Amino acid sequence: MEPDQLNPEQLQAVRTLHGPLLIIAGAGSGKTRVITHRIAHMLDKHIPQNQILALTFTNKAAREMEHRVKELTGRKLTNLTVSTFHSFGLQILREQATTLGYAEHLSVYDSTDSQSLIKESARELDMDFDSAEIQTIASLFSAVKNGQRDFEGFDENIQTLYREYNEHLKLFNGVDFDDLIVKPFELWTNFPEVLQLYRDRYRYILVDEFQDTSLSQYRLVKLLALEHRNLCVVGDDDQSIYSWRGANYRNIQEFERDFPERVEIKLERNYRSTGNILSAANALIRNNQNRKSKQLKANKAEGGAIEIHYPENETAEAEFIVRTIKALFVRENRPYSDFGILVRTNSLTRNIEMALLQDKVPYSLSGGTSFMERKEVKDVVSYLRTLLNPADDIHFLRILNTPRRGLGKAVLEQIYRTSRNRGLTAWEAAQLLARPGHSPLTNRAAADLSILLDQLSVFRERLGSGIGRKNAEIVRDLLTDIRYENYLYEENSSTRAAEWRWQNIQHFVQFLSDWESDSQNDYPALSAFLNRMTLDNREDEGEKGRGSVSLMTIHSAKGLEFPVVFVAGVEDGILPHARSVEENQEGFEEERRLFYVAITRAQQKLFLTCCQNRRTQKGSETCTPSPFLQEIPPHLLKTVENYDTFQQGEAEKMFESLKKKLGI
DNA sequence: GTAAGGCCCGTTTTT
DNA sequence: CGGGCCTTAC
């Protein structure tokens, strides 16, 4: 986009600071630019930065927005709040912990933790579920907590389990992801004077990716904004791809009803993509019934055709993508950061990753099993949460026999039994059982348990409140003490895997160390670090500076753009995903929006690949092209066989430019 | 009673 | 590929 020029609609959006404002921002219409300029304009108009609250969907988006505003204004802006809904909720809960009856060091439970807790609660109620059932129950609980549904059609036991689960959470001083939104709402509803506090503080509110906020998130922000009514929401119903999490175009309708005096602005000029790419996107999305009518207008030239390739199988697909990237890298002298490879599911990244690795193309992968979800990291986190909060059964039981110390199933059973019969926490029960003689455990097991408890007590004491700047040292000592590195080598058959895991651990400790020694950090509590890491799965960003190909799911590509985009696996059953279509009627339209989001990430070149065969769990299956492909006018598409057929002399040219790049 | 090795299961998307 | 569950060995 032309620097420092805003079109009339953008300008109007930037200048409308007071009252409710709805900005419908089509893909690539300069939304981020409008938001950052709008905040800058607020500051120009002497609105104090601490009165501004900007909420985004992902941490990536929050960081990006904060960065862009700082860049634009050239100011430090330490009192500007740019945050995700979840982090914002946590901030409120931390500030108001005592009002809500929480102890000081809250633990945020991620989805896996929640599921363990559900499982454990079920056990206490003599219920037994397999992991698939636990997953279903977890998503039911989440929907109930968010007010999306009730227990109708479910056994009464499930309701009991739900209560049990929440009581446990409270007991462990823990909150799950949904609590981060719902608890602040309850707080504000039940304590008007607290609500007033926040209303006085945040008078100007901005919500990005509004189409992806859930109903409970919207209600939270609405409650906050209702007095001053300076609420600006920015969204695009065509890019709503999180309805399974309770996000809905209905939010936009609710907003219109709640704020009838709103100003509405549509940004329909696309500055991102070539005319062809945009025409394809428009043709595709037109097929959706549930949408606000709009037509993105191209600002760029037509550009080349969208290229579609039908590789033999998933290996050939990955090779095609990597070959094409390398060809464009040389021919068009593009940095690797120009390329984005998008897929529907995380599992599809594997083959592509292998091909990238094989050809030594630097890449960064976002999504997938995030750093904090790795087993080894979770182990350390469980140790730390246990140390911080002895009442946290879930994390204590998780580390009981990790590393293996002879405390197996039998000991676990005894702890369950004792804690239930006597109404004790697992930790207290373990202490009781560790006493030799009076214990149903074998002497050996009791002794081993005793050693563990002593060991933990020592470290708990050293950690104190968990506030301090030397916690990283203590964690290092702990790891040595429990011989965690040895454990990794024993557990993993390949040394490479063990090394990799140990490196992750060291990264984790390094993160902690860096975070603690950051002088800007005014609350260096260990619990704050753990919660932050739980909410913000920031990946290693080491490679990014030197330029690397981005490989990610379409979901995590939202809000991003790349000069060259590959969409892999454009096949029926993947995009649209089979599971999504069978779920409900609206699933198909959501999948179409997903494809729309993928396409509109591309600025200059777009490649689609659709395998003829793909290997699944059970053998190779013949693929059918995605029905969405037929919705793109044929004249915009060009079928290609190969992209690497170098013409005469091109190899030399490639060699020359490579030499130049390497500086030889 | 515990650990280790093998088999089968399922795997949408994210805070 | 990872985890849960089974069998077998100690």
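Below, each value reflects all heavy atoms present in this structure, side chains not excepted, and no hydrogens, waters or symmetry copies. All figures in this text were calculated on a predicted structure; none of them were measured in a lab. Proteins come first, then strands; the chains are lettered A, B, ... in the order of their sequence lines, and each starts at number 1.
- Helical stems involving DNA chain B, defined as 3 or more consecutive Watson-Crick or G-U pairs under 3.5 Å, span B:1-9 with C:2-10.
- The phosphate of B/dT12 (OP1 or OP2) has a side-chain N or O of A/R579 nearer than 4.0 angstrom.
- Between the CG atom of A/D110 and the P atom of B/dT15 there is a distance of 12 Å, given to the nearest Å.
- For the pair A/Q414 CD and B/dT2 P, the computed distance is 10 Å after rounding to whole Å.
- Between A/E373 atom CD and B/dT14 atom C1' the separation is 9 Å, expressed in whole Å.
- For the ring-ring contact (aromatic ring centres under 6.0 Å, His included) condition, the pairs that include at least one residue of residues 106-138 of chain A, sequence neighbours left out, are A/Y109-A/H395.
- Phosphate contact (OP1/OP2 of B/dT13, side-chain N/O of A/N346, threshold under 4.0 Å): present.
- You'll find that the side chain of A/S580 is closest to B/dT12, out of B/dT13, B/dT15, B/dT12.
- A/F595 and A/F628 have parallel rings, their planes meeting at less than 30° on a 0 to 90° scale where 60° marks the start of perpendicular.
- A/F88 has its ring centre less than 6.0 Å from the ring centre of A/Y202.
- Among B/dT14, C/dG2, C/dG3, the nucleotide with an atom closest to any side-chain atom of A/Y242 is B/dT14.
- Considering only side-chain N and O atoms, A/R344 lies nowhere under 4.0 angstrom from the phosphate OP1 or OP2 of B/dT13.
- Straight-line distance from the CH2 atom of A/W500 to the C1' atom of C/dG2: 16 Å, rounded to whole Å.
- Note that the CD1 atom of A/I118 and the OG atom of A/S111 stand 10.0 Å from one another [nearest 0.5 Å].
- The pair A/R385-A/D113 does not count as a salt bridge, with every side-chain nitrogen at least 4.0 angstrom from each carboxylate oxygen.
- What separates CZ of A/R444 from C1' of B/dT2 is a distance of 10 Å, to the nearest Å.
- Nucleotide B/dT15 holds its C1' atom 12 Å from the CZ atom of A/F85, rounded to whole Å.
- Contact annotation for A/F57: backbone-only contact, meaning every heavy-atom pair under 4.0 Å involves sugar-phosphate atoms and none involves a base.
- Using a 4.0 Å cut-off between a side-chain N of Lys or Arg and a carboxylate O of Asp or Glu, A/E209 and A/K31 qualify as a salt bridge.
- If you look at A/F339 and A/Y363, their ring centroids are not closer than 6.0 Å.
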Give me, pair by pair, the N or O atoms of the protein and of nucleotides 4-6 of chain B that are less than 3.5 Å apart, along with how far apart they are.
unit_1	atom_1	unit_2	atom_2	d
B/dA4	OP2	A/R404	NE	3.0

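- The nearest whole Å value for the distance from the CD atom in A/E209 to the P atom in B/dT15 is 12 Å.
- The six-membered or imidazole ring of A/Y487 lies near that of A/Y484, with a centre-to-centre distance under 6.0 Å.
- Listed nucleotides B/dT2, C/dG2, B/dT14 differ in distance to A/V411; the shortest reach to its side chain belongs to B/dT2.
- Remark: P of B/dT15 and CZ of A/F141 are 23 Å apart, rounded to the nearest angstrom.
- The side chain of A/S111 places no N or O atom within less than 4.0 Å of a non-bridging phosphate oxygen (OP1 or OP2) of B/dT15.
- With DNA chain B read from its 5' end, the first of the two nearest nucleotides for A/L594 and A/R405 is the one closest to A/R405.
- Using the six-membered ring where Trp is involved, A/W188 and A/Y198 have ring planes that are tilted, between 30° and 60° apart.
- The side chain of A/H577 lies closest to B/dT12 when the candidates are B/dT12, C/dG3, B/dT15.
- Nucleic acid contact class of A/N401 (heavy atoms, under 4.0 Å, all strands): sugar-phosphate only.
- Under 4.0 Å is where a charged nitrogen must lie from a carboxylate oxygen, and between A/R398 and A/D379 at least one such pair does.
- Residue order along DNA chain B, read from the 5' end via each residue's closest nucleotide, puts A/Q135 first among A/Q135 and A/F177.
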